[in-house]
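Heads up, the thing below is written out as structure tokens.
Predicted, not measured: the structure shown is a model, and the values here were computed from it. All heavy atoms count here, side chains included; hydrogens, waters and symmetry mates do not.
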Amino acid sequence: LILMDAEVSIRTQVQKRKRPRSRGLCRARNKRRQNFCAVEYSRPFEKKETDFEKYVLLQQLEVNEQELDHFFRTLSKPLPITFRIRNDAAKLKWEEVRASFPDLGVHELPFSQESYQLSVGREEIKDPYYRVLKDWLSKNTQCGNITRQETVSMIPVALLGIKQHHRVLDLCASPGSKTTQALDLLYDDALKKGKLVPKGFVVANDLNARRAYVLANRCARLGRRASSSLVSCHNAEKFPNVEAPLKREKKSAEGSPFSPGLFDRIICDVPCSGDGTIRKDLKVKKVWQPGFGLALHKLQLRIAMRGIALLRVGGYMTYSTCSFNPIENEAVVAELLKRFPGCIEIEHPGDSLLGIKWRPGIDTWVVTNELGESLSDWSQSSVTHPTMWPPLELELKSSLRKCVRIMPHDNNTGGFFITLIRKTAEIPRPKWMRKGSAEYTQMPRERTFFPQEKAHTFREVEVEIAQRKDLPNGYRFFTRSRSRKSIFAVSKHLASHAFASIGSARLNIVSAGKKLPSVEGQ
């Protein structure tokens, strides 16, 4: 009977197991992809094939008629492989691998150290000829020696000029490539100045809890550098200021500013329609609709406004999207300038992008409805808003020309939009919140926004010497459980921000610091 039960259980497990996909189907799928990339635009470009192409032709986007054919041909090709090397051991091995492929076409990116763009893509590297290169990439990516990151994705962090004393916030961090890049810049600058632990830190945030845990696992691969990182799960529109008082002040002066910002650098890579990522997934072009950008415009504006509120005076924030749509790009930047006059200004990238071709932002565009029909007024459609229209002021138009647009056919990359914003003054209170106004008298007083304590908070502990022998001074140790099953080493500057600030209870922390290895007998 025991043998019969075991046989039945094995049989049910086999039946429940998912049927594997045959090799013939996989080969046919890969062949269709290659034929699509090679044949789709081999014929002369036919105008108005999809909604995306109609929209590009309508907006023009600094692309003249002679470039349109090249633009769409590039979008139909897969992206080249790009990566960053994070340590010397991987760099030495890379030189050996590079020498084995003299025809690889390696291009070193000038704006990011030890960053390379190859001439081959994901499909080409599957060829047996590149097996050594493919194995090296996969092995070093898993252990954290290199980071796979697209070229245009490195630009927002490179423009910020992060130093070892900066507090950095990544508002929409997942999947985490920009977070790891910011951490590397923190530690690289600290090592240049002879410091093992930087004064600054990186706070990475994401709204989705599952993506936040994936982000935490990615930071854990960074080794000791993870001790200066914190992963939180918050709505980016309402990310808490831990240095602001928990209770609203009883008296506020006329036009007095809000609580000052606390971050020196902010990465604001907002959710977008993603039409700049067509080279990663060709389905994006087929399903793209003008309504995608219209639906995201208000969300992007609110996230950018929160980022500016959290920024210190003199600090920098990059607003970026992987989209060509001006409703998601220049329209948001123009509205920020209107809402915060005298508080922010757009910075020109200057020499920070030497070696890469970029185009200035546009100062005029066409607003359409969900069907792609042009509109002259926001009241003609229920999904449009006055903030979507181009500005009329010459000063705002000149500021928009300082924005950065990366076109795919210029550098063999994806599409991207970046704006470097500098905060010049604190944001004053709006008129309805000033003392004496009718709305101010109706405001609630002394309302606590967040609870003082949480059920699962980090508490500081003492650890054995065997666990901390490989760590220099400048760390504090925390745990989340009474059994001390997991202990995290956190840099003292990050610990004072996350656990000792007046509003630390507001933070919904997923992970903080570097997890220490367990010791036998603990």
For F201, the option from H493, H497, H165, H166 that meets ring-ring contact (aromatic ring centres under 6.0 Å, His included) = H497
Residue list, side-chain contact (heavy atoms from CB on, under 4.5 Å) with T413, at least two apart or on another chain | Q117, E150, T151, V152, I406, N411
Under 4.0 Å between a Lys/Arg side-chain N and an Asp/Glu carboxylate O for E114 and K91?
-> yes
For residues 384-392, dump all side-chain donor-acceptor pairs below 3.5 Å to protein atoms at least two apart in sequence or in another chain.
unit_1, atom_1, unit_2, atom_2, d
T384, OG1, W378, O, 2.7
T384, OG1, S381, O, 3.2
H385, ND1, T387, N, 3.3
H385, ND1, T387, OG1, 3.0
T387, OG1, H297, NE2, 2.7

Is there a donor-acceptor contact under 3.5 Å linking the side chains of E373 and T368?
-> no
Name all pairs fulfilling the ring-ring contact (aromatic ring centres under 6.0 Å, His included) condition that reach into residues 308-346, sequence neighbours left out, sorted by first residue then second.
-> F71-F324
Using a cut-off of 6.0 Å, state whether more than 12 heavy atoms not belonging to D351 lie near its atom CG.
-> no
For Q113, does the CD atom sit with more than 12 other heavy atoms under 6.0 Å from it, leaving out its own atoms?
-> no
Smallest separation among heavy atoms of N208 and C233, with atom names | C-SG, 4.2 Å
Which residue pairs pass the ring-ring contact (aromatic ring centres under 6.0 Å, His included) test when at least one of the two sits in residues 91-111, sequence neighbours left out?
-> F83-W94, W94-Y116, W94-W136, F101-Y129, F101-Y130
Those residues that, when tested against S491, pass side-chain contact (heavy atoms from CB on, under 4.5 Å) (two or more places apart) = V197, S228, L494
Which pairs count as salt bridge (charged side-chain N to carboxylate O under 4.0 Å, His left out) when at least one residue sits in residues 295-311, sequence neighbours excluded?
-> E237-R302
S232 side chain to N205 side chain, donor-acceptor N/O pair below 3.5 angstrom | yes
Do you see a donor-acceptor pair shorter than 3.5 Å between the side chains of S153 and K178?
-> yes
Taking all atoms of both residues into account, what is the closest heavy-atom pair of D264 and L311, and its distance?
-> O-CD1, 3.8 Å
